[in-house]
There are 2 protein chains.
Amino acid sequence: MPYFSRFSIGVRTISIGNTLPSADEQAALFSHVREAHKYEAIEDYVELIDDLINATGEARLVDIANRMGITQPTASKTIARLQREGYVTSEPYRSIFLTDKGKKTAESSRERHEIVYRFLMALGVQEENARRDSEGMEHHVSDETLAVFERFTATQSSKQ
Amino acid sequence: MPYFSRFSIGVRTISIGNTLPSADEQAALFSHVREAHKYEAIEDYVELIDDLINATGEARLVDIANRMGITQPTASKTIARLQREGYVTSEPYRSIFLTDKGKKTAESSRERHEIVYRFLMALGVQEENARRDSEGMEHHVSDETLAVFERFTATQSSKQ
DNA sequence: ACTAAAACTTAGCCAAGACTTATTTTATAC
DNA sequence: GTATAAAATAAGTCTTGGCTAAGTTTTAGT
Ligand SMILES: [Mn+2]
Ligand SMILES: [Mn+2]
Ligand SMILES: [Mn+2]
Ligand SMILES: [Mn+2]
């Protein structure tokens with residue numbers, strides 16, 4: 001995003017139609033990303049918990065910690081927050097369960113994640129990078145972009 | 001990413017070729033995203049500082065704070081970290097300058113940001129969403145994906 | 001030159017998300 | 001059924017990145 005030239009009158013400068021967005025517009029972009037990051041941990045955790053329950057029958061703290069690549073105390077603290085915020089239930093020394101709210105969040109998160117992953121694959125990105133990139137990108141994709149991704153993937157599939 | 005069925009023998013379950021990645025592989029994905037987030041603030045700040053210098057002649061704390069949508073003390077603290085880590089220089093009550101390291105980071109960050117933005121536009125995403133999504137996505141795009149994005153955008157442009 | 005406004009810093013608060021070390025509880029194996 | 005291993009919790013530390021309130025310095029206007 002290039003900028004038009006400016007010139008100075010005295011100390012401050014006068015803009016001549018540069019393309020810097022207004023401060024408020026730009027602030028809204030960054031605020032939006034910060035907001036997305038607030039839900040990132042929640043989304044990744046409930047998706048993983050749901051995967052573990054489906055794949056192994058239960059979600060144990062030790063497995064969550066190992067698969068997230070963090071220590072058990074760190075996972076424990078986040079699970080406590082998830083419980084506080086109504087996404088999971090858990091009792092001391094017992095495995096973790098999703099609430100209805102948690103299940104819904106897990107399902108929509110997984111669906112979004114898969115759409116992003118399949119889109120990258122359809123674009124021709126190597127599986128390893130598609131996995132890596134989609135794990136981060138999934139949290140920053142608007143509904144519109146998600147729909148565009150989905151349409152593109154479908155089109156590519158039918159072309160084969 | 002669907003999982004194959006498991007069945008129980010006693011308390012624990014036995015897997016029958018489900019597609020859950022290994023714990024280590026999955027942990028590597030999350031670690032990679034966490035690593036990307038560590039550089040996110042740095043990248044956004046230096047890009048903005050560079051934009052402000054190009055557009056207005058200087059990067060003032062008050063403008064950084066306003067455009068990031070945060071308070072001045074918060075911006076001030078992050079600028080102190082950027083200075084500690086060698087991206088900017090600053091003196092009390094004076095505006096902020098990029099070091100060579102900061103300039104390089106700003107340039108590569110802006111280039112990556114623009115490639116992601118133009119890719120979304122080429123895909124047909126509305127400008128508002130392209131701006132929003134690219135501000136977050138830019139930090140989670142591998143070099144391979146970036147190259148694929150660039151190629152796609154070029155192809156689309158030549159089709160018009 | 002003075003005054004008032006704007007910009008910046010300082011200090012202190014908080015939550016999230018990472019860690020280590022130590023303890024307690026539960027599960028497994030013999 | 002008891003010993004040992006594994007899992008979970010407890011307690012305390014650190015950094016990042018937010019905030020407010022209050023004070024200081026610089027800039028701008030008359
Ligand atoms: Mn993710
Ligand atoms: Mn992110
Ligand atoms: Mn950017
Ligand atoms: Mn960004």
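Quantities reported herein were computed from a predicted structural model and do not represent experimental measurements. Only heavy atoms go into these numbers, but all of them, side chains included; no hydrogens, no water, no symmetry mates. Letters A, B, ... are given to chains in the order of the sequence lines, protein chains preceding strands, and every chain is numbered from 1.
Distance, A:Ile70 CD1 to D:dT15 P: 20 Å, rounded to whole Å. Rounded to a whole Å, the CZ atom of B:Arg67 is 13 Å from the P atom of C:dA7. The nearest whole Å value for the distance from the CG atom in B:Asp44 to the C1' atom in D:dT16 is 15 Å. Note: CD1 (A:Ile79) to P (C:dA16) measures 14 Å, nearest angstrom. We find that CE of B:Met68 is positioned 15 Å from C1' of D:dC19, with the value rounded to whole Å. In this structure, the CG atom of A:Leu82 is 12 Å from the C1' atom of C:dA16, given to the nearest Å. Taking atom CD1 of residue A:Ile64 and atom P of nucleotide D:dT9, one finds them 10 Å apart after rounding to whole Å. Atom CZ in A:Phe30 sits about 11 Å away from atom P in D:dG18, given to the nearest Å.
Annotation: of the two residues near DNA chain C, A:Pro92 and A:Arg81, the 5′-most nearest-nucleotide partner is A:Arg81. Two residues, B:Glu91 and A:Gly69, neighbour DNA chain C, and the one matched to the more 5' nucleotide by heavy-atom proximity is B:Glu91. The residue among A:Asp63 and B:Glu40 whose nearest nucleotide of DNA chain D is located toward the 5' end is A:Asp63.
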Check the pair B:His32 / A:Glu135 against side-chain hydrogen bond (donor to acceptor under 3.5 Å, both in side chains), numbers first and verdict last.
-> CA-CA 9 Å; B:His32 187 263; A:Glu135 189 60 74; over 6 Å; no
Given side chain to side chain contact (heavy atoms under 4.5 Å, CB included), test A:Ile42 with A:Arg81 step by step and report yes or no.
-> CA-CA 9 Å; A:Ile42 293 169; A:Arg81 178 163 78 90; 4.0 Å; yes
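Applying the 4.0 Å criterion to OP1 and OP2 of D:dC19, one finds that A:Arg34 has every side-chain N and O outside that range. Considering only side-chain N and O atoms, B:Thr71 lies under 4.0 angstrom from the phosphate OP1 or OP2 of D:dC19. Under 4.0 angstrom from either OP1 or OP2 of C:dA7 there lies at least one side-chain N or O belonging to B:Arg60. The phosphate of D:dG17 (OP1 or OP2) has no side-chain N or O of B:Thr74 nearer than 4.0 angstrom. When the side-chain nitrogen and oxygen atoms of A:Arg94 are compared with OP1 and OP2 of D:dA8, none of them lie within a distance under 4.0 Å. The shortest distance between the side-chain N/O atoms of A:Ser76 and the OP1/OP2 oxygens of D:dA8 is not below 4.0 Å.
Nearest to the side-chain atoms of A:Val62 among the listed nucleotides D:dA7, C:dG12, C:dC19 stands D:dA7.
At a threshold of 4.0 angstrom between heavy atoms, the contacts of B:Lys38 with the nucleic acid are absent.
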I'd like a list of close polar pairs between nucleotides 3-5 of chain D and the protein, N/O only, cut-off under 3.5 Å.
none

Could you pull out the protein-nucleic contacts involving nucleotides 21-25 of chain C (nitrogen or oxygen on both sides, under 3.5 Å)?
from, atom 1, to, atom 2, distance (Å)
C:dT25, O4', A:Tyr93, OH, 3.3

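Side-chain to base pairing of A:Gln72 with D:dA8: one donor and one acceptor N or O lie within less than 3.5 Å of each other.
Residues A:Ile64 and A:Leu48 share a closest heavy-atom pair of O-CD2, 3.9 Å.
Salt-bridge annotation for B:Glu128 and B:Arg132: present, with a side-chain N of the basic residue lying under 4.0 Å from a carboxylate O of the acidic one. With respect to B:Lys38 and B:Glu35, a salt bridge is recorded, a charged nitrogen being found less than 4.0 Å from a carboxylate O. Ionic pairing of A:Arg131 and A:Glu127 is present here: one or more N-O contacts between side-chain nitrogen and carboxylate oxygen are shorter than 4.0 angstrom.
Residues B:Thr105 and B:Tyr39 are not in side-chain contact: their nearest non-hydrogen atoms beyond the backbone lie 4.5 Å or more apart. Counting heavy atoms from C-beta outward, A:Leu29 and A:Glu25 have side chains that stay 4.5 Å or more apart. Residues A:His140 and A:Thr145 fail the side-chain proximity criterion, which asks for heavy atoms closer than 4.5 Å.
A:Lys104 NZ: 12 or fewer foreign heavy atoms inside a 6.0 Å radius.
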